Amino acid sequence: MLNQAQTKWAVEAIMKLYPHARPSLDARTPFQIAVSVLLSAQATDVSVNKVTPILFAAFETPADFAKATPEAVEPYIKSIGLYHNKAKHIVALSQKLVSDFNGEIPHTMAELTSLPGIGRKSASVILGDAFGVPAFAVDTHITRIAKRLRIAKDKDSVLQIEKNITKALPKSEWIDGHHAMIYFGREVCSARQPHCATCPLLKICAHGQAVMDRD
Ligand code: SF4
């Protein structure tokens with residue numbers, strides 16, 4: 001296992017590779033970010049970005065979605081996996097925003113996770129990307145990288161991975177670190193064919209060294 005200093009070094013090395021890493025969902029307002037994040041569960045950001053321009057032209061505000069039925073939303077998101085449930089969640093989330101939050105996306109983890117369809121990971125993305133509030137969302141890329149680098153153990157939960165990284169990294173680096181690790185997971189430490197031979201973290205990565213020994 002990497003200790004805190006080694007974990008900080010590893011994440012900061014990844015951040016140096018992607019100093020301009022930004023959110024890849026095309027969304028302008030906190031509400032659009034929340035809906036886009038909800039749609040992105042088990043779907044690619046590219047596929048979400050294809051449907052949201054027309055979706056947000058048809059339904060501009062939480063009040064517009066709150067008045068709609070899930071069946072009215074479904075045709076706009078049909079190309080996205082789990083669209084049936086996601087349409088239900090978007091309408092229910094909008095209704096709760098209108099009834100409990102004056103139509104605005106709230107700014108705290110507790111309030112965000114009280115919204116339909118929003119779990120801890122989605123809430124962390126919304127906090128960071130919509131409001132600049134330090135939060136570290138652990139997605140599938142970050143889980144894989146953390147386990148390969150031994151920032152976490154194989155059996156560790158996403159919450160434990162989040163704890164290990166946020167303990168090691170200053171709060172000011174949480175949002176950028178999250179984005180950089182996602183880019184790194186897509187482009188270098190990919191699920192099927194990680195580019196270990198050219199990876200700057202190979203020297204501290206037992207998984208990468210085992211891959212190289214095997215090849
Ligand atoms: Fe991922 Fe390979 Fe780099 Fe390790 S050496 S972090 S497995 S790409």
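Atoms considered below: every heavy atom in the structure, side chains included; atoms not considered: hydrogens, waters and symmetry mates. Counting starts at 1 for both ligands and their atoms, following the listed order. Since this is a predicted model, take the numbers as computed values, not measurements.
- Nearest protein neighbour of atom 3 (Fe) of ligand 1, counting heavy atoms only, is Cys199 SG, 2.4 Å.
- Within the listing of ligand 1, atoms 2 (Fe), 5 (S), 7 (S), 8 (S) sit less than 4.0 angstrom from a heavy atom of Cys196.
- Annotation for ligand 1: atoms under 4.0 Å from non-hydrogen atoms of Arg148 are 7 (S).
- Taking every non-hydrogen atom of His207 and a distance limit under 4.0 Å, the qualifying atoms of ligand 1 come out as 7 (S).
- In summary, an N, O or S atom of Cys205 is located under 2.8 Å from atom 4 (Fe) of ligand 1.
- With respect to the salt-bridge test (charged N to carboxylate O, under 4.0 angstrom), the residues Glu162 and Arg120 qualify.
- Under a 4.0 Å N-O distance rule, the pair Asp154/Arg148 does not qualify as a salt bridge.
- Remark: Glu12 does not engage Lys16 in a salt bridge, criterion side-chain N to carboxylate O under 4.0 Å.
- A distance of 6.0 Å or more separates the ring centres of Tyr76 and Tyr83.
- The two atoms that bring Ser47 and Ile80 nearest to each other are O-CD1, 3.4 Å, heavy atoms only.
- Because the distance cut-off is set at 2.8 Å, Cys189 qualifies as a neighbour of atom 1 (Fe) of ligand 1 through one of its N, O or S atoms.
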